[in-house]
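Here is the naming used below: chain letters follow the sequence lines, and residue numbers restart at 1 for every chain. Reckoned from all heavy atoms, side chains included, excluding hydrogens, waters and symmetry mates.
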There are 2 protein chains.
Amino acid sequence: MAKGLTRERVVAAALELLDEQGMGAVTVRALAARLDVRAPALYWHVRNKQELLDEMSTSVMRGVVAELSKIAPGAGWRDDLAAYARILRSQYLLHRDGARIFSGTRITDPDVVRMKEPYFERWTAAGLTIGEADDALDVVTAFVVGFVIEEQERRQSEPTRYSPIGRDAWLGEGVQKVKEAGHLRDDGAQRFERHLDIVLAGLTARLKR
Amino acid sequence: MAKGLTRERVVAAALELLDEQGMGAVTVRALAARLDVRAPALYWHVRNKQELLDEMSTSVMRGVVAELSKIAPGAGWRDDLAAYARILRSQYLLHRDGARIFSGTRITDPDVVRMKEPYFERWTAAGLTIGEADDALDVVTAFVVGFVIEEQERRQSEPTRYSPIGRDAWLGEGVQKVKEAGHLRDDGAQRFERHLDIVLAGLTARLKR
DNA sequence: ACCTGAACACCGTTCAAGT
DNA sequence: ACCTGAACACCGTTCAAGT
């Protein structure tokens with residue numbers, strides 16, 4: 001008897017499971033239970049667990065594309081890249097360990113990649129070579145991925161290791177500057193803006209305007 | 001009867017297993033077999049698998065520290081950061097999926113973190129605030145992590161998706177610029193140097209000299 | 001102190017069988 | 001076309017027992 005299961009519902013339920021209980025809880029059986037079927041039923045909708053993971057990644061990246069297409073093109077590549085960076089971060093943050101799990105991802109939907117085209121067209125029209133445009137996008141992507149991996153890791157670590165006091169004790173004697181740096185860790189959002197500004201400044205310095 | 005197993009030997013064997021067969025093959029049983037003991041024996045040396053993973057991470061980061069301490073301090077923070085970035089990348093590249101697995105890592109050895117102190121001291125003596133020094137290190141780290149995750153992912157993907165021809169077919173009609181960008185993907189090392197230069201240029205533009 | 005044997009609850013996946 | 005029941009080989013982990 002058909003239960004109205006679809007690939008989309010399976011993927012959505014898997015993302016919910018991830019967010020609620022972490023990646024370790026995303027098992028075929030738990031997912032089936034949540035969808036009120038038995039484990040083998042899922043294999044009618046996805047080939048195997050790896051394909052499920054790929055579909056989860058692609059779903060997240062489709063979220064990035066959707067958010068990006070909501071906003072108007074910026075005044076130039078700097079604006080476009082800043083908007084992309086903020087959206088990529090926010091979409092990763094929507095899911096527990098999002099950056100680590102979904103980066104370097106096997107995207108199953110070409111439309112997600114085809115989405116780069118209008119940006120490349122505008123940036124090259126504005127004077128960048130295609131190589132520069134590609135570099136710019138990749139540098140920003142790498143930065144966001146690395147930033148959010150660290151951000152999410154810290155967010156869910158035991159406070160013993162990341163609270164200022166616990167950390168100082170763990171570090172031992174001396175290393176005053178390391179401790180000082182640990183104490184000034186500010187809000188994730190403003191840290192992100194500051195670091196993003198540094199990366200964008202590098203692009204401005206190195207690419208044709 | 002003691003078999004001369006040590007925590008260090010266990011961790012080293014786990015890293016070998018990772019490199020030879022990937023993370024999925026790093027199981028307690030496979031690791032025990034490689035060390036010629038039964039699975040429960042490992043629990044005498046590590047508390048559980050998570051602790052094993054943390055020790056593997058820490059071992060990799062100790063490699064970074066070791067390589068870094070071999071070279072003389074650079075002429076300034078820019079040189080130091082460039083050397084750090086290259087070493088971090090090379091140590092990640094030593095292990096299959098190294099960047100993804102070992103980034104945002106739970107370092108178990110305070111000495112690895114204490115190692116930042118001499119750098120922070122020299123950079124602040126040269127005019128940076130502690131906040132700037134910390135930002136600089138974090139931006140470079142984030143970039144390297146993101147870069148190498150993507151680099152290693154591509155390296156071991158099926159050629160269907162990353163060979164120029166397979167990729168063009170997969171992308172479909174149009175999107176000429178996206179395809180063009182895909183064709184010019186050059187050597188990882190020179191791409192890394194180019195992107196690192198962009199990040200360092202951003203730091204130069206934004207931090208006190 | 002260090003290791004084994006046996007067991008527990010749990011994985012992903014296959015496949016014949018049901019509807 | 002879509003789902004279940006039963007089974008397979010395999011997990012991480014515990015624990016009493018051996019030496």
Side-chain angles (χ1 to χ4, degrees), chain A residues 1-59 96-97 100-102 105-106 108 156-158, chain B residues 1-59 96-97 100-102 105-106 108 156-158:
Chain A
M1 180 246 299
K3 299 246 180 150
L5 220 52
T6 64
R7 200 180 171 84
E8 289 69 36
R9 284 194 57 218
V10 172
V11 172
L15 285 170
E16 291 169 16
L17 215 43
L18 165 65
D19 296 341
E20 291 168 13
Q21 312 192 54
M23 202 53 195
V26 182
T27 69
V28 176
R29 283 162 219 267
L31 186 53
R34 171 179 276 262
L35 292 163
D36 202 33
V37 293
R38 311 297 142 220
L42 300 182
Y43 287 81
W44 183 264
H45 300 278
V46 295
R47 202 189 328 261
N48 51 35
K49 193 174 180 180
Q50 184 55 57
E51 187 172 289
L52 174 66
L53 264 23
D54 293 345
E55 287 300 330
M56 290 168 72
S57 288
T58 302
S59 171
R96 164 119 63 137
D97 282 329
R100 145 161 288 129
I101 296 172
F102 299 126
T105 185
R106 299 159 210 270
T108 62
Q156 68 197 55
S157 274
E158 342 81 89
Chain B
M1 181 244 299
K3 300 246 180 149
L5 219 52
T6 64
R7 201 180 172 84
E8 289 68 37
R9 284 194 58 219
V10 171
V11 172
L15 285 170
E16 290 169 18
L17 215 42
L18 165 65
D19 296 342
E20 290 168 14
Q21 312 192 52
M23 202 55 194
V26 182
T27 70
V28 176
R29 283 162 218 268
L31 186 53
R34 170 180 277 261
L35 292 162
D36 202 32
V37 294
R38 311 297 140 217
L42 300 183
Y43 287 81
W44 183 264
H45 301 278
V46 295
R47 201 189 330 260
N48 51 34
K49 193 173 180 182
Q50 184 56 55
E51 187 172 290
L52 173 66
L53 263 24
D54 293 345
E55 287 300 329
M56 290 168 73
S57 287
T58 302
S59 171
R96 164 121 61 139
D97 281 328
R100 145 160 292 129
I101 296 172
F102 300 125
T105 185
R106 299 161 209 271
T108 62
Q156 67 197 56
S157 274
E158 341 82 89

If every non-hydrogen atom of [X] is compared with every non-hydrogen atom of [Y], which pair is closest and at what distance?
X	Y	value
B:Leu42	B:Val28	CD1-O, 3.4 Å
A:Glu51	A:His45	OE2-O, 4.4 Å
A:Arg9	A:Leu5	NH1-CD1, 3.9 Å

> Where along nucleotides 9-15 of chain C does protein come under 4.0 Å, by heavy atom, of base (B) or sugar-phosphate alone (S), with - for untouched nucleotides?
Replying inline: --BBBBB
>> For a stem of at least 3 consecutive Watson-Crick or G-U pairs with distances under 3.5 Å, i pairing with j, i+1 with j-1 and so on, which stems involve DNA chain C?
In response: C:4-8 with D:12-16, C:12-16 with D:4-8
Are any of the side-chain heavy atoms of [X] and [Y] separated by less than 4.5 Å?
X	Y	result
A:Gln50	A:Arg106	yes
A:Leu53	A:Ile101	no
B:Phe102	B:Leu18	yes

Find the distance [X]:[atom1] to [N]:[atom2] and express it as a whole number of Å.
X	N	atom1	atom2	answer
B:Leu5	C:dA1	CG	P	16 Å
A:Arg9	D:dC2	CZ	P	13 Å
B:His45	C:dT4	NE2	C1'	13 Å

> Any sub-3.5 Å donor-acceptor pair from A:Arg96's side-chain atoms to A:Glu20's backbone N or O?
Replying inline: yes
> Donor-acceptor pair, B:Thr58 side chain versus B:Asp54 backbone, under 3.5 Å?
Replying inline: yes
> Which nucleotide in the list D:dC2, C:dA1, C:dT4 gets nearest to the side chain of B:Val37?
Replying inline: C:dT4
> Which nucleotide, C:dT4, D:dC3, C:dC2, lies nearest any side-chain atom of B:Arg38?
Replying inline: C:dT4
